[in-house]
Amino acid sequence: MFCPHCGSQQPEGSKFCAVCGRELQAPAAQATAQAPVVQVPAAQASTAQVPTSQAPATQSAPSAARTFPTAPTAHAQAGKALGRRSAVMVFAAVLALVFMFQAWFSFPFVNKFLNAAVASGAGGFTGMETAIVQSVSPSVTMPELFTLGNTVGSIADAGAQQVSLYSSYGATDSSLLQMQQMVSTFGTVSLVTKVLFALWVICIVALVVGVALRLFRGFDAVLFFALAGTAVVALVCTIGSFVLGGIVEGLISDMASYSSSSSSVNLTMSLLSPFMAPAYGAVVTIVLGAAGTLSSLVLKD
(Lines give C-alpha, C1' and ligand atoms only; values in the text may rest on other atoms or scores of the structure.)
Protein backbone atom coordinates (compact mmCIF):
# COMPACT_ATOMS: atom_id res chain seq x y z
CA MET A 1 0.00 0.00 0.00
CA PHE A 2 1.08 3.59 -0.51
CA CYS A 3 0.79 6.60 1.76
CA PRO A 4 -1.79 9.03 0.39
CA HIS A 5 0.18 11.96 1.81
CA CYS A 6 3.80 11.40 0.84
CA GLY A 7 3.45 8.51 -1.61
CA SER A 8 5.94 6.20 0.07
CA GLN A 9 5.30 2.46 0.07
CA GLN A 10 4.26 1.00 3.41
CA PRO A 11 3.59 -2.56 4.60
CA GLU A 12 0.05 -3.89 4.31
CA GLY A 13 -2.08 -3.31 7.42
CA SER A 14 -0.01 -0.32 8.67
CA LYS A 15 -1.99 2.42 10.35
CA PHE A 16 0.67 5.15 10.19
CA CYS A 17 3.19 6.12 7.53
CA ALA A 18 6.79 5.32 8.57
CA VAL A 19 8.07 8.28 6.54
CA CYS A 20 5.62 11.15 7.32
CA GLY A 21 3.92 9.65 10.34
CA ARG A 22 0.34 10.36 9.20
CA GLU A 23 -2.61 7.94 9.34
CA LEU A 24 -3.01 5.73 6.33
CA GLN A 25 -6.70 4.46 6.62
CA ALA A 26 -8.59 7.49 7.99
CA PRO A 27 -9.00 9.37 4.68
CA ALA A 28 -10.11 6.19 2.88
CA ALA A 29 -12.70 5.44 5.55
CA GLN A 30 -14.03 8.97 5.37
CA ALA A 31 -14.29 8.79 1.59
CA THR A 32 -16.10 5.45 1.84
CA ALA A 33 -18.53 6.83 4.45
CA GLN A 34 -19.24 9.95 2.44
CA ALA A 35 -19.78 8.18 -0.91
CA PRO A 36 -23.30 6.86 -0.18
CA VAL A 37 -24.36 10.23 1.17
CA VAL A 38 -23.30 12.12 -1.94
CA GLN A 39 -24.33 9.73 -4.78
CA VAL A 40 -27.08 7.38 -3.66
CA PRO A 41 -29.54 9.77 -1.93
CA ALA A 42 -29.15 12.38 -4.69
CA ALA A 43 -29.92 9.83 -7.41
CA GLN A 44 -32.87 8.41 -5.51
CA ALA A 45 -34.27 11.86 -4.80
CA SER A 46 -34.14 12.86 -8.45
CA THR A 47 -35.68 9.55 -9.54
CA ALA A 48 -38.52 9.75 -7.00
CA GLN A 49 -39.45 13.29 -7.94
CA VAL A 50 -40.05 12.59 -11.65
CA PRO A 51 -43.30 10.52 -11.40
CA THR A 52 -44.59 12.77 -8.60
CA SER A 53 -44.39 15.89 -10.76
CA GLN A 54 -45.87 14.19 -13.87
CA ALA A 55 -48.76 12.34 -12.19
CA PRO A 56 -51.26 15.23 -12.09
CA ALA A 57 -50.72 16.03 -15.79
CA THR A 58 -51.28 12.37 -16.77
CA GLN A 59 -54.50 12.06 -14.74
CA SER A 60 -56.06 15.31 -16.00
CA ALA A 61 -56.17 14.21 -19.68
CA PRO A 62 -58.86 11.49 -19.41
CA SER A 63 -61.24 13.78 -17.51
CA ALA A 64 -61.14 16.32 -20.34
CA ALA A 65 -61.64 13.63 -22.99
CA ARG A 66 -64.70 12.19 -21.26
CA THR A 67 -66.67 15.45 -21.67
CA PHE A 68 -66.97 15.31 -25.49
CA PRO A 69 -69.47 12.39 -26.03
CA THR A 70 -72.14 14.07 -23.88
CA ALA A 71 -72.84 16.92 -26.36
CA PRO A 72 -74.13 14.81 -29.32
CA THR A 73 -76.25 12.68 -27.01
CA ALA A 74 -77.95 15.74 -25.56
CA HIS A 75 -78.56 17.13 -29.05
CA ALA A 76 -80.15 13.90 -30.24
CA GLN A 77 -82.44 13.75 -27.23
CA ALA A 78 -83.47 17.38 -27.77
CA GLY A 79 -84.31 16.66 -31.43
CA LYS A 80 -86.58 13.74 -30.49
CA ALA A 81 -88.37 15.48 -27.65
CA LEU A 82 -91.83 16.77 -28.56
CA GLY A 83 -93.48 19.60 -26.70
CA ARG A 84 -97.15 20.44 -26.83
CA ARG A 85 -96.78 22.69 -29.86
CA SER A 86 -94.72 20.21 -31.88
CA ALA A 87 -96.94 17.28 -30.89
CA VAL A 88 -100.05 19.05 -32.22
CA MET A 89 -98.26 19.94 -35.46
CA VAL A 90 -97.05 16.37 -36.04
CA PHE A 91 -100.45 14.91 -35.14
CA ALA A 92 -102.23 17.30 -37.52
CA ALA A 93 -99.75 16.51 -40.31
CA VAL A 94 -100.20 12.73 -39.93
CA LEU A 95 -103.99 13.01 -39.96
CA ALA A 96 -103.81 15.34 -42.95
CA LEU A 97 -101.78 12.72 -44.81
CA VAL A 98 -104.49 10.15 -44.09
CA PHE A 99 -107.35 12.35 -45.29
CA MET A 100 -105.46 13.46 -48.38
CA PHE A 101 -105.98 9.94 -49.71
CA GLN A 102 -109.70 10.01 -48.97
CA ALA A 103 -112.39 11.33 -51.32
CA TRP A 104 -111.72 14.96 -52.22
CA PHE A 105 -114.40 15.41 -54.90
CA SER A 106 -117.96 14.23 -55.30
CA PHE A 107 -120.41 14.16 -58.20
CA PRO A 108 -123.91 14.65 -56.80
CA PHE A 109 -125.46 14.22 -60.23
CA VAL A 110 -124.47 10.53 -60.18
CA ASN A 111 -126.86 9.80 -57.34
CA LYS A 112 -129.54 11.89 -59.01
CA PHE A 113 -129.17 9.95 -62.25
CA LEU A 114 -129.23 6.59 -60.50
CA ASN A 115 -132.20 7.50 -58.31
CA ALA A 116 -134.10 8.79 -61.32
CA ALA A 117 -133.34 5.60 -63.22
CA VAL A 118 -134.49 3.40 -60.35
CA ALA A 119 -137.63 5.50 -59.79
CA SER A 120 -138.62 5.38 -63.47
CA GLY A 121 -137.78 1.71 -63.88
CA ALA A 122 -135.63 2.49 -66.90
CA GLY A 123 -133.55 -0.43 -68.04
CA GLY A 124 -135.44 -2.89 -65.87
CA PHE A 125 -133.81 -1.98 -62.53
CA THR A 126 -135.25 -4.50 -60.10
CA GLY A 127 -134.00 -6.46 -57.12
CA MET A 128 -130.23 -6.91 -57.04
CA GLU A 129 -129.65 -4.46 -59.89
CA THR A 130 -131.35 -1.72 -57.89
CA ALA A 131 -129.14 -2.48 -54.85
CA ILE A 132 -126.02 -2.36 -57.02
CA VAL A 133 -127.00 0.99 -58.52
CA GLN A 134 -127.71 2.47 -55.09
CA SER A 135 -124.31 1.31 -53.75
CA VAL A 136 -122.35 3.23 -56.39
CA SER A 137 -120.17 5.91 -54.78
CA PRO A 138 -120.11 9.28 -56.53
CA SER A 139 -116.93 10.37 -54.69
CA VAL A 140 -113.37 10.19 -56.06
CA THR A 141 -109.90 10.69 -54.64
CA MET A 142 -107.34 13.02 -56.13
CA PRO A 143 -105.53 10.24 -58.09
CA GLU A 144 -108.90 9.10 -59.46
CA LEU A 145 -109.71 12.66 -60.49
CA PHE A 146 -106.33 12.86 -62.21
CA THR A 147 -107.21 9.69 -64.16
CA LEU A 148 -110.57 11.20 -65.12
CA GLY A 149 -108.79 14.37 -66.20
CA ASN A 150 -106.52 12.38 -68.50
CA THR A 151 -109.57 10.66 -69.98
CA VAL A 152 -111.25 14.01 -70.55
CA GLY A 153 -108.03 15.28 -72.14
CA SER A 154 -108.01 12.33 -74.53
CA ILE A 155 -111.62 13.07 -75.47
CA ALA A 156 -110.67 16.71 -76.06
CA ASP A 157 -107.80 15.67 -78.35
CA ALA A 158 -110.05 13.37 -80.34
CA GLY A 159 -112.69 16.11 -80.60
CA ALA A 160 -110.08 18.60 -81.77
CA GLN A 161 -109.15 16.27 -84.61
CA GLN A 162 -112.79 15.97 -85.62
CA VAL A 163 -113.23 19.74 -85.52
CA SER A 164 -110.16 20.18 -87.69
CA LEU A 165 -111.47 17.60 -90.13
CA TYR A 166 -114.93 19.21 -90.38
CA SER A 167 -113.38 22.64 -90.75
CA SER A 168 -111.29 21.44 -93.67
CA TYR A 169 -114.53 20.48 -95.42
CA GLY A 170 -115.88 23.98 -94.89
CA ALA A 171 -118.54 23.04 -92.32
CA THR A 172 -119.86 25.99 -90.31
CA ASP A 173 -123.12 24.73 -88.84
CA SER A 174 -124.17 24.87 -85.20
CA SER A 175 -123.01 21.32 -84.48
CA LEU A 176 -119.45 22.29 -85.35
CA LEU A 177 -119.58 25.29 -83.01
CA GLN A 178 -120.97 23.09 -80.27
CA MET A 179 -118.16 20.59 -80.77
CA GLN A 180 -115.55 23.35 -80.67
CA GLN A 181 -116.93 24.58 -77.38
CA MET A 182 -116.96 21.08 -75.96
CA VAL A 183 -113.34 20.53 -76.98
CA SER A 184 -112.30 23.81 -75.32
CA THR A 185 -114.18 22.96 -72.13
CA PHE A 186 -112.77 19.45 -71.89
CA GLY A 187 -109.25 20.77 -72.44
CA THR A 188 -109.68 23.30 -69.63
CA VAL A 189 -111.02 20.63 -67.27
CA SER A 190 -108.09 18.32 -68.05
CA LEU A 191 -105.55 21.09 -67.44
CA VAL A 192 -107.12 22.10 -64.11
CA THR A 193 -107.12 18.51 -62.84
CA LYS A 194 -103.43 18.10 -63.71
CA VAL A 195 -102.49 21.31 -61.88
CA LEU A 196 -104.48 20.31 -58.79
CA PHE A 197 -102.90 16.86 -58.78
CA ALA A 198 -99.38 18.35 -59.00
CA LEU A 199 -100.09 20.62 -56.01
CA TRP A 200 -101.50 17.64 -54.10
CA VAL A 201 -98.31 15.61 -54.65
CA ILE A 202 -96.11 18.54 -53.55
CA CYS A 203 -98.10 18.85 -50.31
CA ILE A 204 -97.67 15.15 -49.53
CA VAL A 205 -93.90 15.33 -50.02
CA ALA A 206 -93.66 18.50 -47.92
CA LEU A 207 -95.65 16.95 -45.05
CA VAL A 208 -93.52 13.79 -44.98
CA VAL A 209 -90.27 15.77 -45.05
CA GLY A 210 -91.54 18.21 -42.42
CA VAL A 211 -92.54 15.44 -39.99
CA ALA A 212 -89.20 13.66 -40.49
CA LEU A 213 -87.19 16.83 -39.87
CA ARG A 214 -89.17 17.60 -36.72
CA LEU A 215 -88.85 14.11 -35.24
CA PHE A 216 -85.18 13.50 -36.01
CA ARG A 217 -83.67 17.00 -36.24
CA GLY A 218 -85.92 19.16 -34.08
CA PHE A 219 -86.47 21.53 -37.04
CA ASP A 220 -90.13 22.48 -37.53
CA ALA A 221 -90.07 25.35 -40.06
CA VAL A 222 -90.65 22.97 -42.99
CA LEU A 223 -93.58 21.36 -41.17
CA PHE A 224 -95.13 24.77 -40.55
CA PHE A 225 -95.05 25.73 -44.23
CA ALA A 226 -96.18 22.23 -45.25
CA LEU A 227 -99.29 22.47 -43.07
CA ALA A 228 -100.08 25.96 -44.29
CA GLY A 229 -99.55 24.95 -47.92
CA THR A 230 -101.71 21.85 -47.52
CA ALA A 231 -104.59 23.91 -46.12
CA VAL A 232 -104.28 26.35 -49.03
CA VAL A 233 -104.15 23.59 -51.67
CA ALA A 234 -107.16 21.83 -50.14
CA LEU A 235 -109.03 25.13 -50.19
CA VAL A 236 -108.04 25.70 -53.81
CA CYS A 237 -109.28 22.20 -54.70
CA THR A 238 -112.54 22.90 -52.90
CA ILE A 239 -113.00 26.10 -54.88
CA GLY A 240 -111.79 24.34 -58.02
CA SER A 241 -114.49 21.70 -57.66
CA PHE A 242 -117.12 24.41 -57.89
CA VAL A 243 -115.29 25.99 -60.83
CA LEU A 244 -115.11 22.70 -62.70
CA GLY A 245 -118.75 22.05 -61.91
CA GLY A 246 -119.67 25.50 -63.25
CA ILE A 247 -117.69 24.91 -66.45
CA VAL A 248 -119.45 21.63 -67.13
CA GLU A 249 -122.86 23.05 -66.26
CA GLY A 250 -122.18 25.94 -68.63
CA LEU A 251 -121.37 23.46 -71.37
CA ILE A 252 -124.61 21.55 -70.72
CA SER A 253 -126.55 24.83 -70.75
CA ASP A 254 -125.09 25.77 -74.13
CA MET A 255 -125.92 22.34 -75.49
CA ALA A 256 -129.50 22.76 -74.27
CA SER A 257 -129.75 26.14 -75.98
CA TYR A 258 -129.13 24.52 -79.38
CA SER A 259 -132.07 22.16 -78.89
CA SER A 260 -134.36 23.85 -76.42
CA SER A 261 -137.38 21.91 -77.59
CA SER A 262 -135.91 18.54 -76.59
CA SER A 263 -137.35 17.30 -73.31
CA SER A 264 -134.53 14.76 -72.83
CA VAL A 265 -131.91 17.52 -72.97
CA ASN A 266 -133.81 19.58 -70.43
CA LEU A 267 -134.08 16.55 -68.15
CA THR A 268 -130.35 15.91 -68.49
CA MET A 269 -129.64 19.53 -67.69
CA SER A 270 -131.69 19.36 -64.50
CA LEU A 271 -129.91 16.20 -63.38
CA LEU A 272 -126.42 17.60 -64.12
CA SER A 273 -126.96 20.93 -62.36
CA PRO A 274 -125.11 19.83 -59.19
CA PHE A 275 -122.26 18.41 -61.28
CA MET A 276 -119.33 18.58 -58.87
CA ALA A 277 -118.72 19.45 -55.20
CA PRO A 278 -115.97 19.02 -52.58
CA ALA A 279 -115.97 15.80 -50.55
CA TYR A 280 -115.20 15.24 -46.88
CA GLY A 281 -111.49 14.51 -47.46
CA ALA A 282 -110.77 18.00 -48.76
CA VAL A 283 -112.84 19.68 -46.04
CA VAL A 284 -111.16 17.77 -43.20
CA THR A 285 -107.71 18.43 -44.72
CA ILE A 286 -108.43 22.16 -44.69
CA VAL A 287 -109.36 21.99 -41.00
CA LEU A 288 -106.29 19.93 -40.06
CA GLY A 289 -103.86 22.10 -42.01
CA ALA A 290 -105.30 25.28 -40.52
CA ALA A 291 -105.31 23.82 -36.99
CA GLY A 292 -101.69 22.71 -37.25
CA THR A 293 -100.61 26.11 -38.59
CA LEU A 294 -102.46 28.04 -35.88
CA SER A 295 -101.14 25.78 -33.12
CA SER A 296 -97.57 26.52 -34.20
CA LEU A 297 -98.29 30.23 -33.71
CA VAL A 298 -100.23 30.00 -30.45
CA LEU A 299 -98.83 27.05 -28.48
CA LYS A 300 -95.34 26.69 -27.00
CA ASP A 301 -93.15 23.63 -26.46
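Computed over heavy atoms, backbone and side chain alike; hydrogens, waters and symmetry mates excluded.
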Test side-chain contact (heavy atoms from CB on, under 4.5 Å) applied to Trp104 and Leu145, step by step: CA-CA 9 Å; Trp104 268 37; Leu145 181 71; over 6 Å; no

Which atom of [X] lies closest to which atom of [Y], heavy atoms considered:
{"X": "Leu227", "Y": "Ala92", "answer": "CD2-C, 4.3 Å"}
{"X": "Ser241", "Y": "Met276", "answer": "O-CB, 3.6 Å"}
{"X": "Cys3", "Y": "Cys20", "answer": "SG-SG, 3.7 Å"}
{"X": "Pro278", "Y": "Ser106", "answer": "O-OG, 3.8 Å"}
{"X": "Ala96", "Y": "Leu288", "answer": "N-CD1, 3.5 Å"}
{"X": "Cys237", "Y": "Met142", "answer": "SG-CE, 3.5 Å"}

What pairs with [X] under side chain to side chain contact (heavy atoms under 4.5 Å, CB included), at least two apart in sequence or on another chain?
{"X": "Phe225", "result": "none"}
{"X": "Val232", "result": "Val236"}
{"X": "Val211", "result": "Val90, Ala93, Leu215, Leu223"}

Is there a chain of hydrophobic side chains (I, L, V, M, F, W, Y, each step under 4.5 Å between heavy atoms) that links [X] to [Y]?
{"X": "Phe186", "Y": "Phe105", "answer": "yes"}
{"X": "Val88", "Y": "Val284", "answer": "no"}
{"X": "Val222", "Y": "Leu299", "answer": "no"}
{"X": "Phe107", "Y": "Phe242", "answer": "no"}
{"X": "Leu97", "Y": "Leu235", "answer": "yes"}

Check residues 190-210 and write down every donor-acceptor pair under 3.5 Å in which the side-chain atom is one partner and the other belongs to a residue at least two apart or another chain.
residue: Ser190; atom: OG; partner: Gly149; partner atom: O; Å: 3.0
residue: Thr193; atom: OG1; partner: Val189; partner atom: O; Å: 3.2
residue: Thr193; atom: OG1; partner: Ser190; partner atom: O; Å: 2.6
residue: Trp200; atom: NE1; partner: Met100; partner atom: O; Å: 3.0

Give, for atom OG of Ser164 and atom CD of Gln180, the distance between the pair rounded to the nearest 0.5 Å.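 So the gap between those two atoms works out to 10.0 Å.
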
How many angstroms lie between CZ in Phe99 and OG1 in Thr141, if you round to the nearest 0.5 Å? 14.5 Å

Partners meeting side chain to side chain donor-acceptor pair (under 3.5 Å) with Gln161 (sequence neighbours left out):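 Per chain and number, Gln161 pairs via side chain to side chain donor-acceptor pair (under 3.5 Å) with no residue.
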
Considering residues at least two apart in sequence or located in another chain, which fulfil the side chain to side chain donor-acceptor pair (under 3.5 Å) criterion with Arg85?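 If we apply the side chain to side chain donor-acceptor pair (under 3.5 Å) test to Arg85, skipping adjacent residues, the hits are Asp220.
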
Would you say Ser296's side chain and Thr293's backbone share a donor-acceptor pair under 3.5 angstrom?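 At least one qualifying donor-acceptor pair exists.
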
Tell me whether Thr230 contacts the main-chain N or O of Gly289 through its side chain, where contact means a donor paired with an acceptor under 3.5 Å. no

Within a strict 4.5 Å, meaning less than it, do heavy atoms of the Leu297 and Phe224 side chains meet? yes

